[in-house]
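The structure appears right after this line, and notes come after that.
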Protein chains: 2
Amino acid sequence: MRISFCCTDTKAQPWLEGLRAAFPGAEVEVWSAGAAPADYAVVWAPPQQFIDEQTQLKGIFNIGAGVDALLKLRLPPGVPVVRLDDAGMSVQMAEYVCHAVIRHFREFDGYEADARQGKWSYRKPRLRTDFPVGVMGLGVLGARVSRALAQFDFPVAGWSRSAKAIDGVKCFSGQAGFNDFLAASRILVCLLPLTPDTDNILCRDTLARLRPGGYVINVARGSHLVDEDLMALIDSGHLAGATLDVFRTEPLPAAHPFWTHPSITVTPHTSARTLREESIAQIAGKIAALQRGEAVAGVVDPARGY
Amino acid sequence: MRISFCCTDTKAQPWLEGLRAAFPGAEVEVWSAGAAPADYAVVWAPPQQFIDEQTQLKGIFNIGAGVDALLKLRLPPGVPVVRLDDAGMSVQMAEYVCHAVIRHFREFDGYEADARQGKWSYRKPRLRTDFPVGVMGLGVLGARVSRALAQFDFPVAGWSRSAKAIDGVKCFSGQAGFNDFLAASRILVCLLPLTPDTDNILCRDTLARLRPGGYVINVARGSHLVDEDLMALIDSGHLAGATLDVFRTEPLPAAHPFWTHPSITVTPHTSARTLREESIAQIAGKIAALQRGEAVAGVVDPARGY
């Protein structure tokens with residue numbers, strides 16, 4: 001068996017060692033142009049040439065949850081494309097989103113600004129019933145984030161393409177449920193896959209439907225959000241601000257106004273990192289399953305886009 | 001029935017209105033020296049004179065969870081002293097503590113400092129197994145905080161005077177379990193009642209037993225912590241820092257070094273506020289129960305101190 005590793009922005013050596021340890025008999029190598037075709041590919045944003053050279057693939061493993069970059073390539077028909085399935089990401093996402101929601105709801109930014117001036121301040125407690133949270137995307141990550149938020153007694157709504165049911169979460173679905181979902185939300189969390197249907201979904205039309213004082217948390221992809229529309233709605237006073245972890249161009253360019261906007265918190269795509277050990281173990285387990293002819297979880301539907 | 005309201009630092013009118021609405025026939029008044037004795041007292045840090053004038057009390061209701069200030073007074077023997085029992089405080093405490101723990105674990109302070117300089121930074125993800133959290137005090141607040149932390153997959157230990165059992169939390173108790181509890185903790189959350197036994201409990205001896213890189217979150221009472229010992233252990237490098245919401249003197253004096261210490265976050269006793277509506281409803285329910293001769297929850301044992 002031959003496994004080819006082709007991941008941009010990723011230190012290869014620990015992955016090679018981990019995969020070799022899992023499959024002692026296999027050849028596990030970093031791809032170079034013209035290398036022998038592999039049985040399995042472990043990829044992150046590979047070039048089209050890599051795909052084109054693979055003539056005998058039995059599986060393509062994406063070392064992240066979002067496959068939007070991969071699906072832009074011409075992929076060999078019939079070869080399963082498999083994304084990471086949690087692998088330690090959902091708990092990180094729950095942490096990131098709960099931290100951002102609590103920080104906004106409890107005004108901890110304001111308290112810290114006061115404290116920097118040595119000011120012992122009083123702010124009237126807010127009612128959590130005034131801060132319903134809406135989660136867009138109810139896959140592995142969205143479901144865990146929703147449950148984590150519900151634990152803090154926030155009213156939580158969820159929206160997904162197809163209907164879902166999650167305890168303690170008011171679930172909406174499809175185009176028919178979209179406006180009702182938005183009207184029920186004040187804090188909006190985007191955890192959608194990036195597809196042609198969800199590109200630019202956080203635009204003026206959408207964000208204007210949030211309750212006044214709305215707040216946006218984008219932890220999915222930068223292309224979900226129309227940057228200028230967000231800023232216009234903050235500057236007009238309809239939205240209170242945003243916490244953004246993902247951007248159209250990453251790293252976020254130095255001149256981008258998000259960096260200095262007083263109501264926008266920027267983090268460097270750190271909400272849920274691929275954890276190497278968990279991911280290697282998951283991918284190795286799935287390769288072994290495919291070898292045995294078994295089905296695996298996390299297979300992407302290219303037509304659906306995730 | 002006569003209810004006397006004697007609470008420092010509290011706007012009386014909404015409380016009077018709430019209690020009058022609950023008991024239409026009752027006299028509900030703010031205490032003034034020499035007023036007729038009441039059947040029930042609703043108090044926060046009342047003067048001794050108030051207590052001394054009450055000759056027919058059937059219950060004293062403290063509008064907070066901590067009764068340390070009240071128990072310093074000479075109280076009439078046999079009159080139940082009742083503290084608030086959650087009343088919306090445990091969820092606030094869970095929010096505050098989870099926010100502080102996540103913020104420290106995920107280094108969000110550091111990311112924000114980088115972002116203020118327009119810097120897209122990378123930090124190696126930390127392992128949550130390296131950040132076990134220890135919660136001191138497993139009453140209503142401590143139990144909820146422990147469960148909330150466990151939900152984020154942190155290893156959670158708890159310590160209390162008498163033995164407790166909480167799902168997903170490794171429980172230690174009493175003096176015998178104290179050092180093992182500390183050695184198992186890196187982030188230490190104090191939610192103890194303030195009693196002669198717990199006064200100054202967060203001292204050099206105790207804090208030095210935390211794992212290296214320890215972090216202290218005090219949301220109980222300022223007198224639990226020996227301020228100088230905390231700062232000495234941070235400055236020596238054994239502790240990484242602290243988030244403090246309570247202080248020996250409140251408001252925290254302008255000259256106190258906590259305000260400007262780079263590794264200490266100060267908030268103005270805001271972790272869990274008394275929520276008026278929930279508290280009035282709870283106290284009214286308990287007065288009605290006492291009137292009917294029934295037992296109520298939250299009765300303080302003065303010998304134990306909470």
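This is a predicted model, so every value here is computed, not measured. Letters go in sequence order (proteins before strands), and every chain restarts at 1.
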Nearest 0.5 Å, what's the CZ-CD1 distance between B/Phe258 and B/Ile264?
5.0 Å
Short donor-acceptor contacts under 3.5 Å linking chain B with chain A:
unit_1: B/Gln92; atom_1: O; unit_2: A/Arg106; atom_2: NH1; d: 3.0
unit_1: B/Glu95; atom_1: OE1; unit_2: A/Arg106; atom_2: NH1; d: 2.8
unit_1: B/Glu95; atom_1: OE2; unit_2: A/Arg128; atom_2: NH1; d: 2.5
unit_1: B/Glu95; atom_1: OE2; unit_2: A/Arg128; atom_2: NH2; d: 3.3
unit_1: B/His99; atom_1: NE2; unit_2: A/Arg103; atom_2: NH1; d: 3.1
unit_1: B/Arg103; atom_1: NH1; unit_2: A/His99; atom_2: NE2; d: 3.1
unit_1: B/Arg106; atom_1: NH1; unit_2: A/Gln92; atom_2: O; d: 3.0
unit_1: B/Arg106; atom_1: NH1; unit_2: A/Glu95; atom_2: OE1; d: 2.8
unit_1: B/Arg106; atom_1: NH2; unit_2: A/Thr270; atom_2: O; d: 2.8
unit_1: B/Arg106; atom_1: NH2; unit_2: A/Ser271; atom_2: O; d: 2.7
unit_1: B/Tyr111; atom_1: OH; unit_2: A/Thr270; atom_2: OG1; d: 3.1
unit_1: B/Tyr111; atom_1: OH; unit_2: A/Arg273; atom_2: NH2; d: 3.2
unit_1: B/Arg123; atom_1: O; unit_2: A/Arg273; atom_2: NH1; d: 3.1
unit_1: B/Arg123; atom_1: O; unit_2: A/Arg273; atom_2: NH2; d: 3.0
unit_1: B/Arg128; atom_1: NH1; unit_2: A/Glu95; atom_2: OE2; d: 2.4
unit_1: B/Arg128; atom_1: NH2; unit_2: A/Glu95; atom_2: OE2; d: 3.3
unit_1: B/Arg144; atom_1: NH2; unit_2: A/Gln151; atom_2: O; d: 3.0
unit_1: B/Arg144; atom_1: NH2; unit_2: A/Asp153; atom_2: OD1; d: 3.2
unit_1: B/Arg144; atom_1: NH2; unit_2: A/Asp153; atom_2: OD2; d: 3.3
unit_1: B/Gln151; atom_1: O; unit_2: A/Arg144; atom_2: NH2; d: 3.0
unit_1: B/Asp153; atom_1: OD1; unit_2: A/Arg144; atom_2: NH2; d: 3.2
unit_1: B/Asp153; atom_1: OD2; unit_2: A/Arg144; atom_2: NH2; d: 3.3
unit_1: B/Thr270; atom_1: O; unit_2: A/Arg106; atom_2: NH2; d: 2.7
unit_1: B/Thr270; atom_1: OG1; unit_2: A/Tyr111; atom_2: OH; d: 3.1
unit_1: B/Ser271; atom_1: O; unit_2: A/Arg106; atom_2: NH2; d: 2.7
unit_1: B/Arg273; atom_1: NH1; unit_2: A/Arg123; atom_2: O; d: 3.1
unit_1: B/Arg273; atom_1: NH2; unit_2: A/Tyr111; atom_2: OH; d: 3.3
unit_1: B/Arg273; atom_1: NH2; unit_2: A/Arg123; atom_2: O; d: 3.0

Could you tell me which residues satisfy ring-ring contact (aromatic ring centres under 6.0 Å, His included) with B/Phe154, sequence neighbours excluded, listed by chain and number?
B/Phe105
Which one of A/Val145, A/Val133, A/Leu149 satisfies the side-chain contact (heavy atoms from CB on, under 4.5 Å) criterion with A/Cys98?
A/Leu149
Please classify the contact of A/Ala254 with chain B as side chain, backbone, both or neither, using a heavy-atom distance under 4.5 Å.
neither
Nearest heavy-atom pair of B/Gly142 and B/Val135: which atoms, and what distance?
O-CG1, 4.0 Å
When every non-hydrogen atom of B/Leu225 is compared with those of B/Leu202, the smallest separation belongs to CD1-O, 3.5 Å
For A/Ala22, which residues count as a side-chain contact (heavy atoms from CB on, under 4.5 Å) partner, sequence neighbours excluded?
A/Ala284
Given a strict heavy-atom distance threshold of 4.5 Å, which part of B/Leu127 is in contact with chain A: side chain, backbone, both, or neither?
neither
On a heavy-atom basis, the closest approach of A/Leu275 and A/Gly88 is CD1-O, 3.9 Å
